[in-house]
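Report on one structure; see the data block that follows.
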Amino acid sequence: MSDFDAVFGTIPTADIPVSFHPVKIEVAEDPEFPGRAVELDACVALPDNAQPAEYPLIVLPAPLAPIGWRAYAVFYPLLKKGFMANLAAKGYVVVAYSERGLSHSGGKIDVAGPRDQADGTAVIDWVSEHIQAADLSRVGMAGASYGAGQSLLIAAKDKRVKAVVAMSAWGDLFKSLYENETRHIKAFHALRGLFQTWPGPPSLPSFPPQPQPDPMPGVSRLNAETEQVFQHIADNVEIGQLRAFADKRSPIQPEFLDELNRPDLAILLCTYWHETIFSNNSVVDLFNSLTVGSKKLIVQVGDHGNAEGTGLAGEYSRPTVAAMNWFDLHLRDEGEQETDPVVVETMPYPYADAHRYRTWEDFTNAPVPFHLHAPSPDTDGGLDPQGTGSSWSHTVQVEETSAEIADTLIQRGISERLAQFRRYGTRNISRKNAAIWSCPPFGDDQRISGEVRMRLTVTPQNKDATVVAYLFDATAEPFTIPPGKNFDRIITSAAYSILDREPGVPVTIDIPFQLTDYLIRAGRFLRLVVDTKDKFLADANADTTTLTISSTVDQPSCITIPIATRT
C-alpha cells in the first residue's frame with residue numbers, strides 16, 4: 001500500500017456476514033448505589049454461523065462521547081457499519097461497551113480508575129460465559145481516546161489480553177492536565193463538559209440514533225472522588241491529590257508499566273504532533289518504556305482523534321487499518337512483524353510518504369543549540385547556532401498576543417490533515433508583550449525531528465509566573481509578503497509556570513516542547529516567540545505586571561533544536 005493510500009486507502013477485505021446484539025453486562029455495584037449492580041450498555045458484533053471458540057475476541061471500551069459504544073458503530077441500527085462491523089466481518093467476536101456512567105451505562109464515571117479497570121475484566125468474564133464463539137486464549141483490546149487509556153490499563157490488569165491498540169492514547173494523565181506546573185485549562189473544561197454530557201431525546205429524524213432517556217436525571221455523572229478532583233483542578237488547589245488520582249490512571253506508572261512489559265502482550269500506540277488533549281511526549285515515553293513485547297508507534301499530522309474518525313465510521317484510516325493488521329498478526333498469526341515499527345507523518349505535508357524507523361532514537365535528529373541574543377522592543381534577537389552566550393536582559397508586559405497554540409481545540413487538526421495549517425502573522429506580534437528571536441533564512445530544506453528544549457532565565461515580578469513559548473516556521477520578510485498576509489506556521493510549543501518563588505530573584509528553567517516532525521523549506525527561517533498567556537492554558541501571571549527574561553555568559557539562554565539538512 002502506498003502512503004497516498006494511507007490517507008485515501010481502502011480497508012482490508014472483510015466479507016463474513018455479521019449480526020449485532022445489544023446487551024447489558026452486569027458488573028460490580030457502585031459504592032454510591034449500594035446493593036444495585038451496575039449494568040454496562042454494550043453490543044456484540046458476531047460473525048454468523050460461528051463455531052465454539054472459532055474467533056478471537058476484541059473488546060472496545062468507548063471513547064468519551066455521549067453515544068458511547070455507538071462511536072464504533074456509527075450507523076447502528078439503520079446500517080450495520082463501523083469499526084466494530086469491519087472487525088467482525090474479518091473474523092472477530094467484537095464486544096463494544098460504554099464505561100460506567102457514560103452514555104446508557106449505569107454507575108458513576110470513574111475516569112479509567114480502579115472500577116473501570118475491574119469492569120474491563122468483568123466484560124471479558126461475561127463473554128466467556130455467554131459467547132461460545134469467542135476464543136478466550138486470543139483476546140485483544142482497542143479504543144480511541146478515553147477507550148485507548150482504558151484498554152491499556154485493563155490489559156495491564158488482565159493477562160488474558162494479548163494485543164492492544166490505543167488510538168489518541170495517553171501515557172501520563174497528570175501531564176495531560178497539569179504539565180510543567182501549568183494547567184491545560186481548555187482541554188480540562190472540554191473533557192469535563194463531555195463527562196457531564198447526556199444525549200437527550202433526539203429530534204426526528206436522528207442520524208445516528210442516540211440512547212435515551214438519561215438513567216440518572218438530575219444527578220452528577222461523576223463519582224465523588226472525580227467530582228472533588230475536577231473541582232480542585234478548576235480552583236487550582238490540592239494538586240497533590242490530582243497527581244495521586246492521575247497516577248492510578250496512567251499506563252506509564254510502574255503499577256501498570258511493569259505489567260504491560262510482558263512478552264506475550266503486543267501494544268500499538270497512536271498520537272499526534274499537535275495533540276491538545278493528551279501530551280504526545282508521555283505517549284512516546286510510554287512507547288520507549290515498553291522493552292519486552294512487540295510494540296508499534298504511529299504519530300500523525302493533526303490533533304486528538306482526527307485520523308481515526310473515518311475509520312471508526314467504517315471507512316479508511318491509518319490507525320484503524322493498522323489496528324486490524326495488528327490483531328491479525330498477534331491474535332491469528334497472519335502477516336509479518338514490522339522491522340520498522342515507528343511510523344511518522346511529517347508536518348506540514350500529511351499527504352507525503354510516512355517515514356518508518358526501527359527505534360525512536362533512529363527517528364530523532366541530533367540536538368543543535370541556538371543561543372539567544374538580546375531582543376529589544378523594536379527588533380528580534382538572533383537565534384545563533386554558531387555563537388556563544390552573551391549577557392542581556394529584556395522585560396515584557398504581561399498581555400495576550402496573537403501567538404497561540406491553535407485557534408480551536410481539536411478542529412484545527414482536522415484542517416491540518418487536509419494540509420490547511422493555520423497561518424500566523426508573527427512579524428505583527430508586539431515586541432513589548434513578547435520576546436522574539438529569529439535566524440537567517442535556510443539555504444537548504446531542514447527537518448526538525450524530536451524534542452525541542454529551551455533554557456531560559458526568568459525573573460518574576462510576583463511569586464508566580466508563566467511563560468509560553470512557540471517555535472514558528474516563518475517566511476522571509478518583508479519583501480515577499482504583501483501587507484496583511486500571514487504565512488507563518490507553528491511548529492511546536494510549550495508552557496512553564498514558576499510557582500511560589502521570591503519576587504525579583506532570577507530562576508533558570510528548562511522547558512520541554514511538544515514533540516514534532518517538521519520540514520522547513522529552503523528560504524524560510526525559524527522564529528521563537530516567548531510571551532505570557534495563551535487561551536489554552538491557565539497562566540499564573542498577575543495582571544498588569546511584567547516579566548524579565550535574561551541571559552548570562554555563565555548561564556546562557558538557548559533553545560536546542562533537533563534539526564538537520566534534509567538529504
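Just so it is clear, the model here is predicted, and its values are computed rather than measured.
T457 and T508 share a side-chain donor-acceptor pair at under 3.5 Å. Side-chain polar atoms of E308 and S168 form a donor-acceptor pair below 3.5 angstrom. T276 and D303 share a donor-acceptor pair across their side chains, judged by distance under 3.5 Å alone. Looking only at atom types and distance, the side chain of T395 has a donor-acceptor partner in the side chain of T548 under 3.5 Å away. With 3.5 Å as the limit, one finds a donor-acceptor pair spanning the side chains of T359 and D362.
When every heavy atom of G147 is checked against every heavy atom of S151, the shortest pair comes out as O-OG, 2.8 Å.
The side-chain heavy atoms of K296 and V343, taken from C-beta on, include a pair separated by under 4.5 Å. Residues V530 and M454 have side chains in contact (heavy-atom distance under 4.5 Å, counting atoms from C-beta outward). At least one side-chain heavy atom of N281 sits less than 4.5 Å from a side-chain heavy atom of E451. Side chains of S449 and Y518 form no contact here, defined as non-hydrogen atoms less than 4.5 Å apart. Looking at Y72 and P63, their side chains come closer than 4.5 Å, going by heavy atoms from C-beta outward. Using a 4.5 Å cut-off on side-chain heavy atoms (C-beta onward), L102 and L64 make contact. Within the 4.5 Å cutoff, the side chain of L242 has heavy atoms near those of the Y178 side chain. In this structure, the side chains of H355 and T346 come closer than 4.5 Å at one or more pairs of heavy atoms.
For K432, the NZ atom counts as loosely surrounded, since its 6.0 Å shell holds 12 or fewer non-hydrogen atoms of other residues, nucleotides or ligands. Heavy-atom neighbours of E336 CD from other residues, nucleotides or ligands within 6.0 Å: at or below the threshold of 12.
Under the 6.0 Å distance and 45° angle rule, R455 does not count as a cation-pi partner of Y496. By the 6.0 Å and 45° rule, R422 stacks over the aromatic ring of Y424. Judged by the 6.0 Å and 45° rule, R527 forms no cation-pi pair with F472.
Here the straight-line distance linking atom CG of L372 with atom CD1 of I549 works out to 9.5 Å at 0.5 Å rounding. Distance check: T492 OG1 to W273 CH2 gives 9.5 Å after rounding to the nearest 0.5 Å. Interatomic distance, CG of L286 versus OG of S250, reported as 10.0 Å (0.5 Å rounding). Expressed to the nearest 0.5 Å, how far CD1 of I405 lies from NE2 of H184 amounts to 7.0 Å.
Electrostatic pairing of D444 and R566 does not count as a salt bridge here, judged by no charged N lying under 4.0 Å from a carboxylate O. Using a cut-off of 4.0 Å between Lys/Arg side-chain N and Asp/Glu carboxylate O, R358 and D340 are scored as not salt-bridged. Using a cutoff of 4.0 Å between basic side-chain nitrogens and carboxylate oxygens, R423 and D488 are not scored as salt-bridged. With salt bridges taken as basic N to acidic carboxylate O contacts below 4.0 Å, one links E345 and R417. Using a 4.0 Å cut-off between charged side-chain N and carboxylate O, D378 and R431 make no salt bridge. A salt bridge is defined here as a Lys NZ or Arg NE, NH1 or NH2 lying under 4.0 Å from an Asp or Glu carboxylate O, and D473 with R521 fails to meet this definition. Salt bridge status for E404 with K186: absent, with no side-chain N to carboxylate O gap under 4.0 Å.
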Between S279 and S176, does a side chain to side chain donor-acceptor pair (under 3.5 Å) hold up when you go through it step by step?
CA-CA 5 Å; S279 163; S176 297; 5.6 Å; no
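For the pair N306 (side chain) and I414 (backbone), a donor-acceptor distance under 3.5 Å is present.
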